[in-house]
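As structure tokens, the structure follows; a few thoughts come after it.
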There are 2 protein chains.
Amino acid sequence: MSVSIAVAAKHGNVVPSTVYSPIPRLEPEARPGFELSGVVTHFAPGRQLYAEGDDARSFYKVVSGVVRTCRFLCDGRRQIDAFHMEGDVFGFEAGADHRMAAEAVSDCTVIAYRRRGLESMLFHDDRLGNWFFSHAMTTLALAREHSLLLGRGSAAQKIAAFLQEIATREGNECFVDLPMSRQDIADYLGLTIETVSRTLSQLERNGAIALPTARRVMLKDRQALRTLTV
Amino acid sequence: MSVSIAVAAKHGNVVPSTVYSPIPRLEPEARPGFELSGVVTHFAPGRQLYAEGDDARSFYKVVSGVVRTCRFLCDGRRQIDAFHMEGDVFGFEAGADHRMAAEAVSDCTVIAYRRRGLESMLFHDDRLGNWFFSHAMTTLALAREHSLLLGRGSAAQKIAAFLQEIATREGNECFVDLPMSRQDIADYLGLTIETVSRTLSQLERNGAIALPTARRVMLKDRQALRTLTV
DNA sequence: CGAATACTTGATGAGACTCAAGCGCCGTGG
DNA sequence: CCACGGCGCTTGAGTCTCATCAAGTATTCG
């Protein structure tokens with residue numbers, strides 16, 4: 001008993017002992033049409049949609065491209081909370097202002113919805129209220145999953161989990177096109193850019209993945225990746 | 001002292017560059033009275049309220065004592081998501097079952113509320129719906145705060161932030177009574193029990209805190225603690 | 001083609017983990 | 001009353017992972 005635990009601890013797993021069931025993200029189709037004063041806007045890579053502390057007058061839905069929500073620390077470091085991809089809704093806050101900044105990772109198009117007036121609607125339109133509540137709970141579950149990874153994962157586990165997450169979201173089983181830089185990945189996983197790079201190279205040497213280009217990852221051995229995380 | 005300052009300078013702060021405003025926790029008084037089939041139950045330290053994967057038939061409110069919600073990894077390690085203290089509501093899930101286990105940290109008393117029937121009520125009783133929505137958003141904000149700490153903090157930063165969090169929640173400016181073990185703290189902060197112990201000793205040598213007993217921490221120099229985290 | 005940017009790789013060191021021992025408190029039992 | 005375990009906590013020594021500092025390579029774009 002103690003031995004097997006010791007061995008497991010060495011190359012330990014980040015996954016719960018119960019069967020792993022990924023958090024189901026809300027499908028765009030499940031969303032009620034809130035065509036309430038939505039404004040389509042385009043952002044170039046790196047442009048800020050809003051800053052920390054800005055009035056949370058609007059929330060957003062991604063039409064195309066990728067957006068990151070993040071916070072900046074005093075020393076200039078950054079913690080990326082989430083990447084938002086096509087169909088994702090983000091920037092809806094409990095309080096009066098945004099607790100995170102939002103920035104375009106790639107060229108992207110979003111719809112900005114006025115939050116004004118929504119609050120009262122939430123509790124008069126069952127479907128709308130229901131959807132927003134589900135959205136909050138789902139986001140919470142995803143945040144906890146992320147916490148688990150940040151708190152307990154090794155660099156290899158973090159990278160493996162990240163690749164699988166992106167693959168799932170892109171809906172592609174065999175390769176991943178990374179829309180974000182190494183720095184973004186590092187800030188999302190609580191690592192440095194060098195460690196991200198090294199770990200990817202390591203996984204390639206192991207045969208778990210291949211890197212035809214820096215931004216494209218072939219998932220050659222999903223079982224090996226899963227073994228790191230499951 | 002010089003050590004802790006040096007550490008702070010080296011790794012910088014875990015706090016956003018914008019002014020730090022702690023997430024306001026929902027006050028018990030702000031909660032609508034949901035006296036819907038609440039069952040008062042008592043648990044001895046270490047006893048499990050529910051396990052990962054259990055049907056989420058109920059959610060809970062803490063009357064006295066402390067409860068932890070956590071997940072277990074394959075290798076036996078544990079990640080504690082949160083400590084729930086007097087007045088806190090926990091165990092309300094998006095899906096059909098609990099994604100985390102809940103265990104009594106100390107002797108504690110909780111009220112279990114049937115979730116059945118609540119769902120429909122949520123969207124017919126504005127105040128109730130409003131409260132649960134706020135609760136979800138607040139919990140989300142706290143989870144993100146926790147992520148930030150897990151992803152970017154050094155051991156000293158994690159411990160300092162933890163002590164201040166508990167002090168705030170216990171409403172005591174000058175000392176903290178820790179209801180939980182070193183192992184609990186370690187699992188909450190993503191550290192080992194030895195590192196927690198060593199870091200506390202370090203902070204005592206620095207003069208930031210005093211440890212009259214293992215479970216009682218005097219906050220001697222809050223500025224120094226804040227310098228680590230703010 | 002050259003400059004800028006993004007990524008990779010190497011050498012080194014600091015911080016946290018592991019293993020192992022020692023201390024202190026507390027309840028039990030002689 | 002004190003001896004004895006048991007348990008939680010502390011401390012030490014050694015190791016390993018990841019961050020840091022510092023080149024070097026690839027890719028993009030004017």
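For the numbers below, each heavy atom of this structure counts, side chains included, while hydrogens, waters and symmetry mates do not. We name chains A, B, ... by the order of the sequence lines, and we start the count at 1 in each one. Just so it is clear, the structure is predicted and the values come from calculations on it, not from any experiment.
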List in chain and number order the residues that pass salt bridge (Lys or Arg N to Asp or Glu O under 4.0 Å) with A:Arg47, two or more places apart in sequence or in another chain; answer none if no residue qualifies. none
Can you give me the bend angle of the helix from C:dC1-D:dG30 to C:dG30-D:dC1? Use the axis through the first five pairs and the one through the last five, nearest 10 degrees. 20°
Within 45° cone and under 6.0 Å: B:Arg77 NZ/CZ vs B:Phe72 ring: no
Which whole-number value in Å describes the distance from A:Leu191 CG to D:dT20 P? 11 Å
Write down the distance between CG (B:Leu228) and P (C:dG15), rounded to a whole number of angstrom. 13 Å
To the nearest 0.5 Å, tell me how far A:Met137 CE sits from A:Leu142 CG. 12.0 Å
Whole angstrom is fine here: how far is it from CG in A:Leu189 over to P in D:dT17? 18 Å
Sub-3.5 Å pairs of nitrogen or oxygen atoms, protein against nucleotides 4-9 of chain C:
{"unit_1": "C:dC7", "atom_1": "OP1", "unit_2": "A:Arg215", "atom_2": "NE", "d": "2.7"}
{"unit_1": "C:dC7", "atom_1": "OP1", "unit_2": "A:Arg215", "atom_2": "NH2", "d": "3.1"}
{"unit_1": "C:dC7", "atom_1": "OP2", "unit_2": "A:Arg182", "atom_2": "N", "d": "3.2"}
{"unit_1": "C:dT8", "atom_1": "OP1", "unit_2": "A:Arg182", "atom_2": "NH2", "d": "3.1"}
{"unit_1": "C:dT8", "atom_1": "OP2", "unit_2": "A:Arg182", "atom_2": "NE", "d": "2.7"}
{"unit_1": "C:dT8", "atom_1": "OP2", "unit_2": "A:Ser197", "atom_2": "OG", "d": "2.6"}
{"unit_1": "C:dT8", "atom_1": "O5'", "unit_2": "A:Ser197", "atom_2": "OG", "d": "3.0"}
{"unit_1": "C:dT9", "atom_1": "OP2", "unit_2": "A:Ser201", "atom_2": "OG", "d": "2.5"}

Apply ring pair (Phe, Tyr, Trp, His ring centres under 6.0 Å) to A:Tyr60 and list each qualifying residue two or more places apart in sequence or on a separate chain. A:Tyr50, A:Phe90
Applying ring pair (Phe, Tyr, Trp, His ring centres under 6.0 Å), can you list everything that pairs with A:Phe43, at least two apart in sequence or on another chain? none
Can you check the A:Arg77 CZ to D:dT20 C1' distance for me, whole Å? 13 Å
Rounding to a whole Å, what distance do you find between A:Ile159:CD1 and D:dT17:C1'? 14 Å
Measure across A:Leu219 and A:Ala167 and return the closest heavy-atom pair with its distance rounded to 0.1 Å. CD1-CB, 3.7 Å
Once ring pair (Phe, Tyr, Trp, His ring centres under 6.0 Å) is applied, do any residues pair with A:Tyr188, and if so which ones, sequence neighbours excluded? A:Phe83, A:His146, A:Phe162
Verify the distance criterion only: is there a donor paired with an acceptor across the side chains of A:Asp55 and A:His98 at less than 3.5 Å? no
Can you tell me the distance, in whole Å, between the CG atom of B:Asp75 and the C1' atom of C:dC17? 13 Å
Quick one: pull up CE in B:Met100 and CD in B:Gln79 and give me the separation to the nearest 0.5 Å. 8.5 Å
In whole angstrom, what separates A:Gln157's CD from D:dC18's P? 9 Å
Report the residue (A:Thr213 or A:Thr192) whose heavy-atom-nearest nucleotide on DNA chain D is the more 5′ of the two. A:Thr192
